[in-house]
Amino acid sequence: MVRMSVLNDALNAIMNAERSGKRQVLIRPASKVIVRFLQVMQKHGYIGEFEIVDDRRAGKIVVELNGRINKAGVISPRYDLKLSELERWTSYLLPSRQFGFIILTTSAGIMDHEEARRKHVGGKIIGYFF
């Protein structure tokens, strides 16, 4: 079977492990987008450490969970997001203003919506977590 979205598979694996109370989860295959998404989640304290395992194939990622993720998802297709539309998408996807993050891919890299607002850049929306 062909994988359509590697990021979606990774976030589903994280959510399933989180719901069943696991302390760590194995994600495969690894990709740069998944690693950057996990770095943003780690920066905000939603996951613990993660380790990239090179198996000379597509790679694996072992993620330490700390039980803070309520929901994580991918937005497909990756809609263009202007800075003026950011507030509308935030209210549409997140439960409240001060809770959760939308992840964007911008010309300045993959970042959350608050950092994109600070850097004054728009981009494409790839996912969210809270």
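Atom set for the values below is all heavy atoms of this structure, side chains included, hydrogens, waters and symmetry mates excluded. In this chain, numbering begins with 1 at the start of the sequence shown.
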> Considering all heavy atoms of both residues, which atom of A17 and which atom of L65 are nearest to each other, and what is their separation?
Replying inline: CB-CD1, 3.8 Å
> Should L26 and M41 be counted in the same cluster of Ile, Leu, Val, Met, Phe, Trp and Tyr side chains packed under 4.5 Å apart?
Replying inline: no
>> Once rounded to the nearest 0.5 Å, what's the spacing between atom OG1 of T105 and atom CD1 of I110?
In response: 4.5 Å
>> Is there a side-chain contact (heavy atoms from CB on, under 4.5 Å) between R97 and E87? Walk through the geometry before answering.
In response: CA-CA 9 Å; R97 283 176 173 251; E87 193 61 41; 3.4 Å; yes
>> Between K119 and E114, is the salt bridge (Lys or Arg N to Asp or Glu O under 4.0 Å) condition met? List the steps.
In response: CA-CA 9 Å; K119 291 186 176 179; E114 292 175 353; over 6 Å; no
> Minimum heavy-atom separation for V121 to L83, with atom names?
Replying inline: O-CD1, 3.4 Å
> Yes or no on side-chain contact (heavy atoms from CB on, under 4.5 Å) for D80 and E85, after CA distance, side-chain angles and deciding distance?
Replying inline: CA-CA 9 Å; D80 286 332; E85 299 171 346; over 6 Å; no
>> For a quick test of reading the model, state the closest non-hydrogen atom pair linking L104 to H113 and the distance between them.
In response: CD1-CA, 4.3 Å
> How far does CD1 of I47 sit from CZ of F37, to the nearest 0.5 angstrom?
Replying inline: 9.5 Å
>> So if I apply the side chain to side chain contact (heavy atoms under 4.5 Å, CB included) rule between I125 and each of L86, I75, V74, which one comes out positive?
In response: I75
>> Salt bridge or not between K43 and D112? Use side-chain N to carboxylate O under 4.0 Å.
In response: yes
> What are the two closest heavy atoms between V33 and I126, and how far apart are they?
Replying inline: CG1-CD1, 4.3 Å
>> Does anything in residues 51-68 form a salt bridge (Lys or Arg N to Asp or Glu O under 4.0 Å)? List the pairs, not counting sequence neighbours.
In response: none
> Which word best sums up how the rings of Y128 and F130 line up, parallel for under 30°, tilted for 30 to 60°, or perpendicular for over 60°?
Replying inline: parallel
> Under 6.0 Å from the CZ atom of F99, do we count more than 12 heavy atoms belonging to anything else shown?
Replying inline: yes
> Does any non-hydrogen side-chain atom of P29 lie less than 4.5 Å from one of R3?
Replying inline: yes
> Where do L81 and W89 land on the side-chain contact (heavy atoms from CB on, under 4.5 Å) test, with the steps shown first?
Replying inline: CA-CA 9 Å; L81 191 68; W89 276 95; 2.9 Å; yes
> Any side-chain heavy-atom pair from F50 and V62 closer than 4.5 angstrom?
Replying inline: no
> Do other residues, nucleotides or ligands put more than 12 heavy atoms under 6.0 Å from the CZ atom of R117?
Replying inline: yes
>> Taking the basic N atoms (NZ, or NE/NH1/NH2) and the acidic carboxylate oxygens, is any pair closer than 4.0 Å for E18 and K71?
In response: no
> Mind checking whether Y92 and F101 sit in one hydrophobic cluster, side chains of I, L, V, M, F, W, Y counted as touching below 4.5 Å?
Replying inline: yes
> According to the interplanar angle, ranging from 0 to 90°, do the rings of H44 and F129 count as parallel (below 30°), tilted (30 to 60°) or perpendicular (above 60°)?
Replying inline: tilted
> If you look at every heavy atom in L11 and A72, which pair is closest and at what distance?
Replying inline: CD2-CB, 4.2 Å
> Quick one: does R28's side chain get under 4.5 Å of I61's, heavy atoms only?
Replying inline: no
> Are N8 and S76 close enough that some pair of their side-chain heavy atoms sits under 4.5 Å apart?
Replying inline: no
> Side chains of M111 and Q39: closer than 4.5 Å at any heavy-atom pair?
Replying inline: no
>> Once rounded to the nearest 0.5 Å, what's the spacing between atom CD1 of I52 and atom NZ of K32?
In response: 11.5 Å
> If you take all heavy atoms of A13 and V25, which pair is closest and at what distance?
Replying inline: O-CG2, 3.7 Å
